[in-house]
Every structure is written in structure tokens, then in C-alpha cells.
Amino acid sequence: MSSEILWTPQSEIAEKSALSQFANKLGFDNNSYEEFHAWSVKNKGEFWRAVWDFTNIIGDPGTISFMPNEKFPMTGAQFFPEAKLNLAENLLQGDDDFIAVIETDEQGRRQDFSRKKLKDKVAKIANGLKKIGIKPGDRIATILPNRIEALVSLLAASSIGAIWTSCSPDFGTKGIIDRIGQTNPKVLFTTSNYRYNDKDYDFSSRISEIVASLKDLESIIIVDDLQINKLDITYDYILFDQFGSKSEIDFISLPFSHPSYILYTSGTTGAPKAIVHSIGGTILQHFKEHKLHNDLRPQDKIMWYTNIAWMMYHWVVSSLGCEATLVIYDGVPIIKKNNIMDGSLLWKVAEKEKLTHMGISPKYMSTLEDINESPINKYNLKNLRWLMAAGSPVAPSQFDWIYKNIKNNMGFASISGGSELLSCFMLGSPIHPVRRGELTVKGLGMAVDIYDSNNKSLINEPGDLVCTQPFPSMPITFWGKNGDERYKKTYFEEREEIWTHGDLAEIKPHGSGIIYGRTDNTLNPGGVRIGTAEIYNVCETLKEIDDCLVFGNRVDNDEEIILCIKFNNPYIIDKNFAKSLREMIRKNTSPRHVPNRIYQVEDIPYTMNGKRVESAVKWVLSGKEVPNLSSLSNPECLKEYALLNTKNNL
């Protein structure tokens, strides 16, 4: 069955893309991507060495590009075992006079930094870290808003081989401690206050509690100490601007597998898992994805709306090494002024900075649609070549909305991967058409497949998203006790030496894909597996619905589907609406998708990274305690769900 094509790259532009040039260099043309992808998976050493050379990675690759392991073909394989390189050196390469970073925020403030100015800042902080005895492998924790100081702390840590880990200050105190507390950092970068949603927040009182929990902490560097009462604190600190001395930057050459970052899982089913990623895997994957799949070119400008804790921050930061300008934004994307929702903030940045690439979330798009924000009619987006989205599946109707309300002559890439791989399994391509509701291609070098319960490969049929062969950005381990064991149990317990990602997905005959949702949230009425995304996609089209949550509830030996709806004012639920909604779901999906119970609720629970939390609702409805409430941004709303069985449903 063919999919509806919404945009096709002009042949001349496709042929000039780096992906096309790279494919041609290796003997493939633009019409043979499937063959090229198969070759890239089969010939790992040759392919990844070609990526290293083509994307201009700085370092010594050594003589071996890939070392297989017969006993443990995925978890035992090695990429570039002799290589030496440095993450910061690769991200800071290029002309010193070039504007490397532009910092802006919800108030419209702006400053830019040449690569020389950025390198000077990094060198000074790196000098300070070395003076206090920080060595390769030590952990550096950062709790800051998305501003230049956070980026400088990352690059400074990376330049000397320290491991960078981060949280956003809007996380709860317990959520922060549950994450960075696992890694025993020696240094903490933070601030006494931050601004979000037109409001100033005092972070100073929380610093004391966080510091008290970090037993190996030796140094605290604070960006802004205006809120700190020095008579009330029991720790010493130094201001960011006073830390370190002017110095020449000195990059330490390190093994490919040396740790670069520690990221965290969402923590909705227990304590967040601390995922350790490598320098080489990070650079190799990110340069491949930015330069080849994202068509990011020298002089381009890219912004992804994110905080510094989400993997998209680490991912977009790597664009610095592609001779592109990184635009960082601090604050909310939509602000309420005089009782009116203002959705202009990010689009004003896109227009002013002439963004070529912009990353947002499906939830953000949904809110823009709800408030009737239509950027295509208000802003000059002629420079915008690519819009990207991640975080959850993008509904087919949102593809339509994008091309009607943002721009009709640009590429759009719905991408899917995760903190676990710090990269993508499926993403965009400058030589492929954009198909409605689908992720464009499998990433080069990524052996993505869909398996049924008998490990049979599926086409045009939903199943488990798996990766059957090793890739460079696989985690090194999970930080902490029994890290290797916990890592292997998480991704390789279900299928030995095959990565099972936890997504219900489908690969179409033309190579694109659909993500239906997490398998732990997969609905199973009558023993048939169906994805939550199919129901969300229908609900996204209705003006009455602000947000919703769908989950399964065990009843005897079967499962019923429960749909909870947060309505837009002034709409309310009634039997007629519930009836028409059920009919619409039945018509657009199947009879098995039709909810047994529909409720109106005040709010929908989300993680700190903006993902719906179906599992938490299932826990409270069954009378169980949610394992890790600190991972939720609005845990108070769960009280309503605990009482669902006492409410009338439609």
C-alpha cells in the first residue's frame, strides 16, 4: 500500500546533498538507498571508516575500524579499538571568526559568540578544572538553564576527558538527586536562580540539599549567587566568571570508548538508569546524522527546543562540529500574556536568526494548533529548510498541519531513537520524499528491523522494534553497581544479543516506518496488540480535545481500553461526543481500538522530558504506589486517576 507523499526534494538539491555525495563516493546512487543501507550494515568497518573520513572527524582512527566478537556479536563488538580523539576538539573545529553560538530566551534577549570567544571561555573553565585536580573519567555535573554557561561546562569537561552529566533546574530536588547523585560528581556547576514562564525562581535553598547528597563533591561553581545568603550555607563556592585563568585550550586525546556523557532514562518504572556513552560513538553517530541525514551544511543555523537534560541537547550541540551555528533558547516556547496564549516566541527566533533547521515536539505542535497559531502567515521562514520533531510519535494529521501552517516547501523529519543510543534508529533524508505519518528512513549503519514474538522479520505489520547488529553509540554500560548486568538485562534479555528497544513499530515496503508507542504501553484487547498512537492520532484531530491519555486495564482475562480526555474550554464531555468519538476511532482504526471507558480529567501526567506517562496511571488505578514520582513534572494530577473507578464514565 502506497503512502501519501507530502513533499519531495528537488532532484538538483538532492544530488548536491552530502548524503548523495557520500553514497556516490561509495558506489551507490540516490535510487538505491535500500541497497546502500544493507551494505552499510554488512560492511561495518568500511562504512564507519568512510563516515569518519567524509565527516572530517579529528583524531587518529587507528588501523582497525571494527572488531567483531563471535560469542557476543552485539555487546562484545568494538569500533575503532585503537582510535584516539577528543569530543570538544571535534565540536570546536573551524574558523575562529565564525559565529558558533547564539543565545536567546523567552524575553527576547540575545548575544552571540564567535568560535574564538567560545574557545576562550572553554579554555578558562578547563584551566580551572585542571587546577582543582580534575582528571579524565571524573564526573562533572551541571544543573543550569539552557544558556552559554551550560555549554561551556560541557565543552570544558570534554576537553580534559571528564564525564559530563546534567539536569535542568526545573526538575524536582529528588529528581535531580536520583539522577546525578548516582554518578558521584566531583564538581557541580549551578545557579541560585533561573527564569521560566515569565517568573523568577529561587534555586538557592535547593543547592544546599543537593550538595549534601553528593558525598564526593569537591568544588561548586555558581553562575549567579544573587539569591544565596552566605550566612545560611555550609558549603564553599566560586563564581563562574572567577573560575579558572585565561589559558590556551589543550585537548586530551582519548580512546574511542572513553566515556563522554552520562544520561538518564525517564525513571517512570523505578530509579532512572544512568547510561554511559562514549566519545567516539557520540561523534561518529552525530556527525553522520547531522551532515548526511539532516543535510546540515556549513553556515547553517540550527535550534532544537530542549533543556540541557534531554538527549536532544547533546545531539544538537554536536552541530557545532559541522561548521553550523548553534542557537540555544532558554525559557518556555509558549507564554500566557493578558489571558492570551502567545505562540510566537520560537518563530520570532526562527525569523530573526534565519534558522535553516529547527526541532520541536508533537506536544508543542498540538498546542500551537489549539491556540490557532499559524507561523506561515506571520513570519518570514524562507531560510527554514528542515523542521524536525522527536519525543513521541507525530500524528498523520500533524504532518498535514505542518505543511499547511508552517511551510509547504521544506523537509520534515520525524525522528526516533533515545537516550539509550544517543542517536536515531529512524530519521530524515534529503534524498527521500516525506510521507504522511511516517519516519523517512532507517539510519545508515543501523540494522533496524521489526520482529514478531518468534523473531520473524515483519514488513507492513506491527511488531517489536529491534536492532540486530552492533552500532558505535551503544552504551558502554550503566553507571553504578552491576552496570553491565543491568544494561544487558534492559536491552538484551528478551532476545539474546539483539537490541529490543521497547517500541511497537512497523516498516513499510518503501523503507519508511511508523512508531505506534512503547511496548510496555501497548494495548492488548482480545489478545491483539495495538499501539496507543493510533488512538492519539484520532484525538489530535479534534478541536474539543486539549490532551488525552489512553491505557489498558486488565479485566478478568482480557484488557479494556480507557481514554481520559482533557478538554479545551469551553467544551465538556457528554454522551453524544463520546459516541461520535468512538465511531471516529472505529472508522479510522478498528473495532478493537474503541475505548470501553471515557473520562474527562483536569490534567494529563507527563515526565520532565514531556512524555505522557500511561504506566503511572495504570499503577495508581490498581492501587499501587508509583515507583518514582520525582520523574513526573505534574505528579499531583495522579490523585484524580486513583479515583477513576468511582467516577461515571461515558
Side-chain angles (χ1 to χ4, degrees), residues 1-15 17-24 26-42 47 288-289 292-295 362 385-390 393-400 402-403 408-417 423-452 456-469 501 503-517 531 533-534 537 588-589:
M1 187 176 77
S2 63
S3 303
E4 182 182 353
I5 292 176
L6 301 179
W7 175 83
T8 301
Q10 295 178 5
S11 57
E12 182 181 347
I13 294 174
E15 288 168 6
S17 70
L19 177 55
S20 178
Q21 294 171 22
F22 181 62
N24 294 165
L26 293 170
F28 299 90
D29 62 37
N30 289 357
N31 296 316
S32 59
Y33 184 85
E34 287 294 313
E35 291 84 354
F36 184 27
H37 178 269
W39 178 88
S40 73
V41 169
K42 184 179 180 181
F47 169 74
K288 177 203 76 175
E289 292 179 350
L292 303 183
H293 286 280
N294 298 340
D295 193 32
R385 298 200 318 273
W386 282 95
L387 186 72
M388 299 166 284
V394 180
S397 62
Q398 291 182 309
F399 278 70
D400 300 333
I402 287 165
Y403 282 102
N408 54 26
N409 59 339
M410 66 174 181
F412 172 65
S414 175
I415 69 177
S416 182
S423 57
C424 305
F425 280 133
M426 301 200 72
L427 68 172
S429 163
I431 64 174
H432 286 79
V434 174
R435 297 176 182 271
R436 185 176 186 266
E438 299 178 10
L439 292 80
T440 307
V441 293
K442 302 173 186 176
L444 289 172
M446 306 297 277
V448 178
D449 208 339
I450 307 298
Y451 275 9
D452 67 10
K456 176 187 174 184
S457 181
L458 303 172
I459 295 290
N460 234 15
E461 187 178 338
D464 289 332
L465 175 65
V466 300
C467 190
T468 60
Q469 297 195 43
H501 194 54
D503 280 347
L504 182 69
E506 179 179 343
I507 297 294
K508 308 302 286 186
H510 36 256
S512 59
I514 300 172
I515 305 294
Y516 291 107
E534 294 174 276
N537 290 347
N588 287 278
T589 55

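Reckoned from all heavy atoms, side chains included, excluding hydrogens, waters and symmetry mates.
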For Ala390 and Pro362, the nearest pair of non-hydrogen atoms, with its separation, is O-CD, 3.4 Å

Here the gap from Glu15 atom CD to Asn24 atom CG, rounded to the nearest 0.5 Å, amounts to 8.5 Å

Under the criterion side-chain contact (heavy atoms from CB on, under 4.5 Å), I'd like the reasoning laid out for His293 against Trp386: C-alpha separation, chi angles, the key distance, then a yes or no. CA-CA 11 Å; His293 286 280; Trp386 282 95; over 6 Å; no

Please list, chain by chain and in numerical order, all residues satisfying ring pair (Phe, Tyr, Trp, His ring centres under 6.0 Å) with Phe28, sequence neighbours excluded. Phe36, Trp39

Of all heavy-atom pairs linking Ile450 and Pro462, the shortest is CG2-C, 4.2 Å

Which atom of Ile515 lies closest to which atom of Ala505, heavy atoms considered: CD1-CB, 3.7 Å

Take Tyr403 and Phe412 through the test ring-ring contact (aromatic ring centres under 6.0 Å, His included) and record every step on the way to the result. CA-CA 9 Å; Tyr403 282 102; Phe412 172 65; 7.1 Å; no

If you take all heavy atoms of Gly428 and Val441, which pair is closest and at what distance? O-CG2, 3.7 Å

Evaluate His501 against Val448 for side-chain contact (heavy atoms from CB on, under 4.5 Å), listing each step before the verdict. CA-CA 10 Å; His501 194 54; Val448 178; over 6 Å; no

For Asp295 versus Pro430, what's the shortest heavy-atom pair and its separation? CB-CB, 3.9 Å

Quick one: pull up SG in Cys467 and CD in Gln469 and give me the separation to the nearest 0.5 Å. 8.0 Å

Does some side-chain heavy atom of Trp7 sit less than 4.5 Å from a side-chain heavy atom of Pro433? no

How many angstroms lie between CD in Glu35 and OG in Ser40, if you round to the nearest 0.5 Å? 11.5 Å

Tell me, please, which residues at least two apart from His432 pass ring pair (Phe, Tyr, Trp, His ring centres under 6.0 Å). Tyr33

Residue among Leu444, Leu292, Asn294, Leu19 satisfying side chain to side chain contact (heavy atoms under 4.5 Å, CB included) with Ser429: Leu19

In Å and rounded to the nearest 0.5 Å, what is the CD1 to OG distance from Ile431 to Ser20? 6.0 Å

Approximate separation, where rounding is to 0.5 Å, of Met446 CE and Thr468 OG1: 10.5 Å

Flag the pair Arg435 / Lys508 as yes when at least one side-chain heavy-atom distance between them is below 4.5 Å, and no otherwise. no

Using 0.5 Å steps for rounding, measure from the SG atom of Cys424 to the NZ atom of Lys288. 8.0 Å

Side chains of Asn460 and Pro509: does their closest heavy-atom pair fall under 4.5 Å? yes

Looking only at heavy atoms, which two atoms of Val394 and Ser414 are closest? And how far apart? CG2-OG, 3.5 Å

Evaluate the side-chain contact (heavy atoms from CB on, under 4.5 Å) criterion for residues Glu461 and Lys456: first the C-alpha distance (whole Å), next the side-chain angles of each, then the deciding distance (0.1 Å), finally the verdict. CA-CA 11 Å; Glu461 187 178 338; Lys456 176 187 174 184; over 6 Å; no

Intermediate values then yes/no, side-chain hydrogen bond (donor to acceptor under 3.5 Å, both in side chains), Thr589 and Glu534: CA-CA 7 Å; Thr589 55; Glu534 294 174 276; over 6 Å; no

Could you check Phe425 against Leu439 for side-chain contact (heavy atoms from CB on, under 4.5 Å), going step by step and ending with a plain yes or no? CA-CA 10 Å; Phe425 280 133; Leu439 292 80; over 6 Å; no

Would you indicate whether the side-chain heavy atoms of Ile507 and Met426 approach each other to under 4.5 Å? yes

